[in-house]
Amino acid sequence: MTNSNSSTADYPVQFCGNDAGATMPCGDFLTSVIEGLSQSPKRLSCKYLYDERGSALFDEICGLPEYYPTRTEQLIMRANVKEIAGMVGPHAVIVELGSGSSVKTRLLLDHLDRPRAYLPVDISHDHVLATAERLRHEYPDIEIKPIVDDFCVALDDSDRFSSERVCVYFPGSTIGNFEREAALRLLRKVADWCGDRGGLLIGFDLQKDVAVLETAYNDAKGVTAEFSLNLLHRMNREASANFDVDQFRHVAFYNPVAQRIEIFIESKRDQLVRISGTEISFSAGERIHTEYSHKYTVTGFAAMAANAGLAMRRVWVDDRKYFAVMYLERHDAD
């Protein structure tokens, strides 16, 4: 690995007054919870699954035998990392959306040509800061600047890297959590961040046998269920709620029409929950929608990205055709 000692101080990145130079998360959790649970049907953003405990549970999920996406993406990255690094190019600023523990990023950083900086963007405050501190020790010659925020909000600042070669790294098929129009809006924001000198390196899950898909989200150890139900614990802790967690269950299934896994928290019985003084009623079998995970084809994803102004330059797929990693650039980069 060869890295430069260049600093991020010479380009317009704004970090405000938090530990390790990170920005603080935005939004009001309590307000979002009450609004979401007052809807019919009830729903909460999947971003709220990732508090410190939720992030740790997701890391555990990634190592489960049923959960193929993480290890399959890692296999693709390891087998093709030199070519991938060549596509990204030298002196790049790497911005990872939903960085988590930055496991796959280490492989990328090890093979890039003198990267300028690495900016992990994640909503889980303690998790991303702890990861960033470890990375500073592992990569002392790369500027590590965490951004603690919803990455959809962070992407609104399209002028942040106007003079830099930026590679937005978006692994883990997180793009699958967004419905089509929201995914298009997100990809358009990414195109603005990339500019005409950078690109997007993105991982996405492919369509496959329904049994494989549903097993991946209903593991035998129940870790995914614990991950889902942790959101109730978080509301009890942070929103003064009184959920009886044992009276709810995790539900996940594949919707073949929408081509996605749909994930819910389901009430086992009629019950009334108080959230900071607001009463929310649940009937038996009523569900809180928490997450989608859309599954794509390579051609379908490339077409969606093209509508957002991004052209596919290269795609890598595993032997079973379970997962894909794609590198894209803006159309006007031609």
Side-chain angles (χ1 to χ4, degrees), residues 27 32 35-36 39-50 58 68-70 72-73 95-98 121 123 149-156 158 168-194 199-210 212-214 216-217 228 251-265 287-317 321-332:
S32 296
E35 288 179 355
Q39 295 178 30
S40 182
K42 294 175 170 62
R43 62 186 303 139
L44 293 172
S45 171
C46 62
K47 69 183 180 182
Y48 294 126
L49 294 165
Y50 295 92
F58 184 73
Y68 63 86
T70 300
T72 306
E73 187 174 22
V95 182
E96 183 176 2
L97 307 182
V121 186
I123 198 168
D149 208 343
D150 178 343
F151 56 73
C152 293
V153 175
L155 283 170
D156 286 334
S158 61
V168 174
Y169 185 35
F170 198 18
S173 198
T174 305
I175 188 69
N177 296 149
F178 294 82
E179 296 188 65
R180 182 176 175 81
E181 288 304 314
L184 275 169
R185 288 194 299 271
L186 178 64
L187 290 172
R188 291 185 182 114
K189 288 183 179 183
V190 169
D192 286 340
W193 263 41
C194 293
L200 167 65
L201 180 65
I202 187 168
F204 55 93
D205 202 8
L206 298 175
Q207 295 173 19
K208 60 185 67 65
D209 183 80
V210 172
V212 174
L213 288 169
E214 292 191 339
Y217 295 86
S228 287
V251 174
F253 57 85
Y254 185 68
N255 179 334
V257 176
Q259 298 179 331
R260 67 194 181 198
I261 289 285
E262 300 185 355
I263 303 176
F264 302 87
I265 298 171
R287 294 171 175 173
I288 306 169
H289 171 248
T290 59
E291 192 168 6
Y292 290 137
S293 183
H294 290 80
K295 311 304 173 182
Y296 303 96
T297 64
V298 169
T299 54
F301 189 89
M304 181 176 69
N307 286 336
L310 292 163
M312 182 181 74
R313 296 294 182 235
R314 187 75 170 85
V315 64
W316 302 268
V317 179
K321 298 182 179 179
Y322 271 19
F323 203 91
V325 174
M326 185 178 288
Y327 185 78
L328 308 102
E329 294 175 340
R330 279 198 347 190
H331 287 311
D332 54 14

Going by the rule side-chain contact (heavy atoms from CB on, under 4.5 Å), which residues pair with [X] if we only count those two or more places apart in sequence or in a different chain?
| X | value |
| --- | --- |
| Ala182 | Phe178, Arg185 |
| Arg314 | Glu83, Met87, Trp316 |
| Thr70 | Cys62, Tyr67, Gln74, Lys104 |
| Ser228 | His250, Ile263, Ile265 |

Exercise. Give the ring-plane orientation class for Tyr292 versus His294, where under 30° counts as parallel, over 60° as perpendicular and anything between as tilted.
Key: perpendicular
Ring pair (Phe, Tyr, Trp, His ring centres under 6.0 Å) filter on Phe301, not counting sequence neighbours, yields Phe204, Tyr296
For Phe170, the ring pair (Phe, Tyr, Trp, His ring centres under 6.0 Å) test, sequence neighbours excluded, returns Phe151
ask   = Do Tyr50 and Phe58 have their ring centres less than 6.0 Å from each other?
value = yes
Those residues at least two apart in sequence (or on a different chain) that pass salt bridge (Lys or Arg N to Asp or Glu O under 4.0 Å) with Glu262 are Arg260
Across all chains, not counting sequence neighbours, the salt bridge (Lys or Arg N to Asp or Glu O under 4.0 Å) partners of Arg188 are none
What residues form a side-chain hydrogen bond (donor to acceptor under 3.5 Å, both in side chains) with [X], not counting sequence neighbours?
| X | value |
| --- | --- |
| Gln259 | Gln207 |
| Arg180 | none |
| Thr72 | none |

Salt bridge (Lys or Arg N to Asp or Glu O under 4.0 Å) pairs touching residues 288-301, sequence neighbours excluded, are Asp205-Lys295
Rounded to the nearest 0.5 Å, the CG atom of Leu200 sits from the OH atom of Tyr327 at a distance of 8.5 Å
CD1 of Ile202 to CD1 of Ile175, rounded to nearest 0.5 Å, is 4.5 Å
